[in-house]
Protein chains: 2
Amino acid sequence: MKKTGLADLDDDLGVERVSLAEIAAERLRELILVGRLPPGQTLSERELSERLRISRTPLREAIRKLAAERLIDVLPNRRPQVADPSPEYIDDLFDVQAALESLAGRLFVERASDEQLEEVTAIHARLGELADSSDPLEFFRMDMQFHSAIVHGSGNAALADTHRQYNAALFRARFMSSRQIRWRNVTMAEHKEILASLCDRDAEHAAAALTSHLLKGKANQSILRNEGE
Amino acid sequence: MKKTGLADLDDDLGVERVSLAEIAAERLRELILVGRLPPGQTLSERELSERLRISRTPLREAIRKLAAERLIDVLPNRRPQVADPSPEYIDDLFDVQAALESLAGRLFVERASDEQLEEVTAIHARLGELADSSDPLEFFRMDMQFHSAIVHGSGNAALADTHRQYNAALFRARFMSSRQIRWRNVTMAEHKEILASLCDRDAEHAAAALTSHLLKGKANQSILRNEGE
DNA sequence: AAAAGGTGTTTGGTATACAATTTTACCATT
DNA sequence: AATGGTAAAATTGTATACCAAACACCTTTT
C-alpha cells in the first residue's frame, strides 16, 4: 500500500474524474425531466454537442445511456427523440414501479436498520413542513426522496438501480399529478400509513400500502390526462 | 390518423438495418452468457475491436449497452470486465425477478389472450419432452421461454424489457442450477402448478406460484454455490 | 533486500475526418 | 393541385488519430 504524508486525504481529494459523457448525461437528464427538452423533441447530435461544448462522441454515449433509461428514443439513422411515452406505456411503468416498491417495503421491514427507518421518518416530517410551501417541484422532490429512502433501506442494490430508472421515466407524469394541491393531502395520508407499517415492521401491510399508493398515483395521473384533453 | 391500404403491413415491412454496435452487442452478449467470456474477464477495447473486425467506436457503444444490462462492469479509465456478481447481488437479482414475474402472472390472468395461454401451454409440453433429453442448454432455454411467454402475455412492454435484462444478468446462475437433473423434476412440477393457476385465471395463486418458483431457484443456486466451495 | 521513485508502454477518453443514410426541397408529370 | 421522382443538404454511423491517465517494470536509494 502506497503511503505518503497526504495519504489520508486521498479519498477527499479524489478528484473523481467523471467522464464528459457522464456529465452530459446528467445535464440532459435534468433538461428532460424539468421539461426544458419537451417530449418528442428531436435532438441533433451536432447541435447539442456544440451547445454543450463537447464533441459528438461523448454526447452520443450520453444519449445512449439515457436511451437505456427510457428517457430518449433512438432509432437507427434517425435523430434521437426525447421519449414521449403513450398513456398505456405510462400505466405499464406505474404497474412495474408499484411491484418494485412493494418488494422494497417487504425487504425494508426485514432488513432496514433503525437509522434508515429514522431517515424515512425525517423525510416524512420534512415533507409535512413543505406541504404548505408553494413550490411544487420542491415538494415533489421530497416526495420522491421518501420513496427512494425506502428502496435504499431494502438493501437491494439491483432494486435501487431499477427503481431509480423507473422513477426518471415516470418523473414527468408523477410531477404533473403532484402539482395538484389536493393531491398533497392524499400523499401525506398515504405516506403516513406506509411509515406506520414500516415502524410496525408489518411487511404485508407495507407492501400493500405502497402498491395502493402507487396505483392511486397512476389513477390520478390518468384522470388528469383525460381532463386535460 | 393516416391510413393507407398497406397500413397493417407497416410493422412487417420494416427493413431494419442494424448498426455494427448492435451486432457487436449481440455477439458479446452471447459470448458472455455461454461463458466463452468468463466472469471477471477483462476486455481490451483495441483487441476486441480487431477480433470483431470493427473499430473501437461501435465496440465501445456495444460495451456500454451491455454495461446498462449489467453484463459488463465499466469503471472510469479501467478496462471493462465481464460482470462477476457477488452471491449477495445475485440473490438481489433473484428477489427483483421474483417480484417482476409475480406481477407478470397477475397481469397475465387479467389480460392474456387465449392464444397466449395456448402458447405457454405448448412451451410447457415441449419442455416436458425435453426433460429426458441430455442437452442442458436446450432444456434451459425452453425453461426461460416459459417464463418469457408469461411475461409477454402480461402485455406490459416495460415489464417485458426489464424482465429480459434481469434474465440475462441471471443467465449463468440459473443455468448452473438448471444443469442438475434433479432440478428438472422440480421445474416441471412447479411449472405445472403455475400453468394450472393461469388456466384457472387465479391471479393470486399464479403470482404466489411464480414467486415461490423463483425463490426456490434462488435457494437452489445458493446451495449449489456453497457445495462448489 | 525492500521501498521509493522514475520511465516507458498500454489503455481508455476525446476529437476530428470520412462514408453511408436520410431528410428536405424542388421540379416534372399527371 | 397532387403525386412521384431526383438531387442537394443535413445528419447519423464508422474509422482513425491524438492525448492524458493508469499500470508494469526497472532503476535507484536507503
Item to check | Given DNA chain C, 5'-ward residue of the pair B/P80 and A/R78, judged by closest heavy atom | outcome: B/P80
Next on the checklist: For B/R141, give me all partners under salt bridge (Lys or Arg N to Asp or Glu O under 4.0 Å), at least two apart in sequence or on another chain.
Outcome noted: B/E30
Next on the checklist: Taking side-chain contact (heavy atoms from CB on, under 4.5 Å) as the definition, give me every residue that meets it alongside A/S178, ordered by chain and number, with sequence neighbours left out.
Outcome noted: A/F139, A/F140, A/W183
Next on the checklist: Counting the atoms with a prime plus P, OP1 and OP2 as sugar-phosphate, which does A/R56 contact under 4.0 Å by heavy atoms, base, sugar-phosphate, or nothing?
Outcome noted: base
Item to check | Plane angle bin for A/H191 and A/F146 - parallel if under 30°, tilted between 30 and 60°, otherwise perpendicular | outcome: parallel
Checklist entry - To the nearest Å, how far apart are B/Q81 CD and C/dT11 P? => result 14 Å
Checklist entry - Heavy atom of residues 58-66 of chain B under 4.0 Å from DNA chain D: which residues? => result B/P58
Item to check | Spacing of B/N77 atom CG relative to C/dG12 atom P, expressed in whole Å | outcome: 10 Å
Item to check | salt bridge (Lys or Arg N to Asp or Glu O under 4.0 Å) pairs, two or more places apart, involving residues 104-115 of chain B | outcome: A/D92-B/R111, B/R106-B/E204, B/D114-B/R201
Next on the checklist: What's the separation between atom NZ in B/K218 and atom CD1 in B/I223, rounded to the nearest 0.5 Å?
Outcome noted: 12.0 Å
Next on the checklist: Enumerate the ring-ring contact (aromatic ring centres under 6.0 Å, His included) contacts for residues 68-110 of chain B, please, sequence neighbours excluded, ordered by first and then second residue.
Outcome noted: none
Checklist outcome for this item: B/E45 atom CD is separated from C/dT11 atom P, nearest whole Å, by 10 Å
Item to check | Pairs touching residues 70-89 of chain A that satisfy salt bridge (Lys or Arg N to Asp or Glu O under 4.0 Å), sequence neighbours left out | outcome: A/R70-B/D161
Item to check | Length of the CD-P vector between B/E47 and C/dT9, whole Å | outcome: 19 Å
Checklist entry - What is the nucleic acid contact for B/R46, judged by heavy atoms within less than 4.0 Å: base, sugar-phosphate only, or nothing? => result base
Item to check | A/L20 CG to D/dC19 P, straight-line distance once rounded to whole Å | outcome: 17 Å
Checklist outcome for this item: Among the nucleotides C/dA15, C/dG13, D/dA22, whichever has the atom closest to the side chain of A/S19 is C/dG13
Item to check | Whole-Å distance separating the CD1 atom of A/I23 from the C1' atom of C/dG13 | outcome: 12 Å
Next on the checklist: Check this one for me: any side-chain N or O of B/T57 less than 4.0 Å away from OP1 or OP2 of D/dT14?
Outcome noted: no
Checklist entry - Between C/dT22 atom C1' and A/L43 atom CG, what is the distance in whole Å? => result 17 Å
Checklist entry - Once you round it to whole Å, what is the distance between P of D/dA15 and CD of B/E50? => result 13 Å
